[in-house]
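To find a chain, count down the sequence lines: A is the first, B the second, and so on, and within it residues start at 1. Everything numeric in this text was worked out from a predicted model, so none of it was measured.
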Amino acid sequence: MSIHHQLAAVLQQAVQAAQAAGALPSFALPEVVIERPREASFGDYASPTALKLARDARMAPLKIAQTIVDHLPATDYIAEVTVAPPGFINIRLTAARLQQVVANVLAEGAGYGRLHLGDGKKVQIECVSANPTGPIHIGRTRGGVMGDTLARAMRLAGYEVVLEYYYNDAGRQITLLGESTKIRYLQLIGQAAELGPDHYKGDYITDIARQLYEAHGAALQGEPAEYFGSYAKDQISRSQKETLRRINIVFDVYYNEQSLYETGRVWEALETLQEKGYVYEQDGAQWFKTTEFGDDKDRVLVKQSGEPTYRMPDIAYHWDKAQRGFDLVVDFFGPDHHATAPQVLMGVQALGYPTDFVRTVLHQIISILKDGQEMKMSTRAGTFVSLDDVVDVVGPDPIRYFMISRSGNSPIEFDLNLALEKSDKNPVYYIQNAHVRCAGIFRKWAEAGGAPDADAGADLSLLTHESELAFMRKALELPEVIELMVLNSEPHHIAFYAYELAAAFHPAYENCRVLNDDVPEPLRHARLRFYRAAKQLFAHVLDLMGMSAPEVM
RNA sequence: GCGCCCGUAGCUCAAUGGAUAGAGCACUUGGCUUCGAACCAAGGGGUUGGGAGUUCGAAUCUCUCCGGGCGUACCA
């Protein structure tokens, strides 16, 4: 149990003890809130519980707070509890409790911060869902990084997570992809053919056509566009997978839209909706009565042409999710899905399933600045900055960090010029430098002939410098951050936490030297232990963000 | 028009309804003969878009007005 839950439990016991003793009237106790005080001088933790209880208890908040404190059970980890106006209870932990985090981090390693929020619960996280019609561009990677980061946090919190990529490998776009590829192929073999306005114009199409030409010469000219579409789709999805792997995103499941047609799932969903009376025909199209669920107009499920709209397979896909038995489904959707996400849930509801197991996390647009100008990106027009290109230049870490460094509700401006500049302005290096500095200590220690396990039995109570204690307080906070991320589906908290952890680390590094001659041996060993834990913790936190922990930079 | 998101320091952004609204960048000043200065220490900078309401307490919740982004397809 993380420390703030322990403290909440202790306060709750105190309230109950006070009630039993008649010092407080009896009332139902609301959830005890434990927070981090803004001002460090107030203590390590604070609770406004007495303020919230004032009404029910019909007493002054200060008096309630004091009564709670008077009935606090004894613990070995609380050093001091004070009451402050208007009614806060401030708690300071013992140095021993803080020092214990050093041992805990080392003992638990990559499991440090583990929670039991998700014990026995299955979660599916859907993200990215780029169409296999072109390289993944930088504007499309935000959801993927957010989803993968949340997946890592949820696994640590005890959930069984399936990270899933939904592939739109059917429909009109694939038809267009096939036609585009065939036209480029025909051009290569010297036949007259021109791209239409809706066709894909990127150079990668020509590259794919050339592969076919080099393998088969002109023998494919009689093949239908579907043949070309199928080939192009496979090539593109393979390279998309590889691109995502470069930024440490590996999906557990690739779910093909096409499979929803092959299994008849799409039509089954349509029939079920029809049986339940949610579908009507008008102007030759099949309409879904979304207005019955609060939409301002009905939506088309099957076009006049007999082709389903994207909405239909999306509903079938979520129907399938409902039946796969997930306790929770988290969908990361970009700005282009803001309007349609609710319609999909209406479909799930109409099919007779609850919708509260689906949590939709919308994120805002990411715009690209180059030389101070915004670049408009379109896969179809072939105008985009590919994720691969950016990874080539800056590597995966700054991309990973940048994509989660803001709340999803905030639009991101990705300044290419700034990203390319490897400057000290970049918070990524500030965080990684903490790990590098730790690594340096152990490298020097080994070079000087120090025993690798010299710090094994170190006396951690010697770690009393204020900057060391401040770092330990921050280290103690990781489980709370994981909980916050998981409960709110907000990956960005880890990015801010990592920065704050580094900001707590660097002063300790400046103040608390290890290898200097004037550091007595017991203290040196304790500090080696401290930096060993710090190194481990930075590696862990960086890994939670899908980033590397370099030994040197 | 309707829906969603946003408006916080010069800029980019934080802040589970709690205490004196915080960071980074930029700006000013100081610190490397000792484990990596991609660092540290210090400073200035705010009517949280305006107004009203709920609350012991509002950047946060409600209403309203102003301003901005995105969406509002028989494209996905």
Q: Determine whether any donor atom in the side chain of A:Tyr310 lies under 3.5 Å from an acceptor atom in the base of B:A76, or the reverse, and answer yes or no.
A: yes
Q. Which is true for A:Gly440 with a 4.0 Å heavy-atom rule: it touches a base, it touches only sugar-phosphate, or it touches nothing?
A. sugar-phosphate
Q: Give a yes/no on whether any side-chain N or O of A:Arg437 is located under 4.0 angstrom from OP1 or OP2 of B:G36.
A: no
Q.
For B:A41, give the paired nucleotide (Watson-Crick: N1-N3 plus N6-O4 or O6-N4; G-U: N1-O2 and O6-N3; both under 3.5 Å), or none.
A. B:U29
(Q) So that I know where these two stand, are A:Phe88 and A:Phe42 an aromatic pair - ring centroids less than 6.0 Å apart? (A) no
Q: With the side chain counted from C-beta on, respond yes when A:Phe333 and A:Glu126 share a heavy-atom pair under 4.5 Å apart, and no when they do not.
A: yes
(Q) Tell me which nucleotide, if any, is Watson-Crick or G-U wobble paired with B:C2 when both distances must be under 3.5 Å. (A) B:G71
Q) Tell me, which pairs form a salt bridge (Lys or Arg N to Asp or Glu O under 4.0 Å) where one or both residues lie in residues 490-508 of chain A, sequence neighbours left out? A) A:Lys474-A:Glu500
Q.
Base contacts versus sugar-phosphate-only contacts with protein, heavy atoms under 4.0 Å: please encode nucleotides 1-7 of chain B as B, S and - from 5' to 3'.
A. -S--SS-
Q. If we take the C1' atom in both B:G69 and B:G49, what is their distance in whole Å?
A. 16 Å
Q: Could you check which nucleotide pairs with B:G7 in any of the strands shown, counting Watson-Crick or G-U wobble with both distances under 3.5 Å?
A: B:C66
Q. Would you call the rings of A:Phe496 and A:His492 parallel, tilted or perpendicular, where under 30° means parallel and over 60° means perpendicular?
A. perpendicular
Q. Ring centroid separation for A:Tyr499 and A:Tyr497, is it under 6.0 angstrom?
A. no
Q) Which is true for A:Cys438 with a 4.0 Å heavy-atom rule: it touches a base, it touches only sugar-phosphate, or it touches nothing? A) nothing
(Q) Heavy atoms only, 4.0 Å cut-off, all strands: where does A:Asp336 land among base, sugar-phosphate and nothing? (A) base
Q. Quick one: what's the B/S/- string for nucleotides 41-47 of chain B, heavy-atom cutoff under 4.0 Å, read 5' to 3'?
A. S------
Q. B:A59 pairs with which nucleotide, Watson-Crick or G-U wobble, both distances below 3.5 Å?
A. none
Would you be so kind as to tabulate the donor-acceptor pairs closer than 3.5 Å made by side chains of residues 513-521 of chain A, with sequence neighbours excluded?
none

Q: Determine if A:Phe88 stacks with B:A19; use a centre-to-centre distance below 5.5 Å and an interplanar angle below 30° as the criteria.
A: yes
**Q.** A:Arg473: partners by salt bridge (charged side-chain N to carboxylate O under 4.0 Å, His left out), with sequence neighbours left out
**A.** A:Asp44, A:Glu466
Q: Measure from the side chain of A:Glu510, starting at C-beta and using heavy atoms only, and say which of B:C35, B:A19, B:C39 lies closest.
A: B:C39
Q. If you round to the nearest 0.5 Å, how far is CZ of A:Arg265 from CD1 of A:Ile315?
A. 13.0 Å
**Q.** Gap between atom CE of A:Met403 and atom OG1 of A:Thr141 - 0.5 Å precision
**A.** 3.0 Å
Q. According to a strict under-4.0 Å criterion, is A:Arg172 in side-chain N/O contact with OP1 or OP2 of B:C75?
A. no
Q. So, is A:Tyr430 near the phosphate of B:C40, with a side-chain N or O under 4.0 Å from OP1 or OP2?
A. yes
Q) Where the side chain of A:Ala285 is concerned, which of B:C13, B:C39, B:C74 is the nearest nucleotide? A) B:C74
Q: State which of B:C35, B:G22, B:G36 makes the closest approach to the side chain of A:Val552.
A: B:G36
Q.
Let me confirm one number: the CG-CG distance from A:Leu117 to A:Leu156, rounded to the nearest 0.5 Å.
A. 10.0 Å
Q) Among B:C35, B:A76, B:C70, which is the nearest nucleotide to the side chain of A:Lys303? A) B:A76
Enumerate the protein-to-nucleotides 55-57 of chain B contacts in which both atoms are nitrogen or oxygen and the separation is below 3.5 Å.
residue : atom : partner : partner atom : Å
B:U55   : O3'  : A:Arg55 : NH2          : 3.4
B:C56   : OP1  : A:Arg55 : NH2          : 3.0

Q) Hey, does A:Trp445 reach any base, or is it just sugar-phosphate, or nothing, if we go heavy atoms under 4.0 Å? A) nothing
Q: Describe, in one word, how the ring planes of A:Tyr317 and A:Tyr255 are oriented to each other, choosing from parallel (under 30°), tilted (30 to 60°) and perpendicular (over 60°).
A: tilted
(Q) Could you tell me the Watson-Crick or G-U partner of B:U12, where both distances fall under 3.5 Å? Say none if there is no partner. (A) B:A23
(Q) My understanding is that a pair needs two contacts under 3.5 Å, Watson-Crick or G-U wobble. By that rule, which nucleotide pairs with B:G17? (A) none
(Q) Run the salt bridge (charged side-chain N to carboxylate O under 4.0 Å, His left out) test on A:Glu164 and A:Lys321 for me, step by step, so that the C-alpha distance in whole Å, both residues' side-chain angles and the decisive distance to 0.1 Å come before the verdict. (A) CA-CA 11 Å; A:Glu164 191 155 320; A:Lys321 288 191 194 192; over 6 Å; no
Q) Is the aromatic ring of A:Phe42 within stacking range of B:A19, meaning centres under 5.5 angstrom and planes under 30 degrees? A) yes
Q: Verify the ring-centre separation between A:Tyr278 and A:Phe293: is it less than 6.0 angstrom?
A: yes
Q: Looking at every strand, decide which applies to A:Pro48 at a 4.0 Å heavy-atom threshold: base, sugar-phosphate, or nothing.
A: base
Q | Residue whose nearest RNA chain B nucleotide is more 5′ - A:Ala339 or A:His506 | A | A:His506
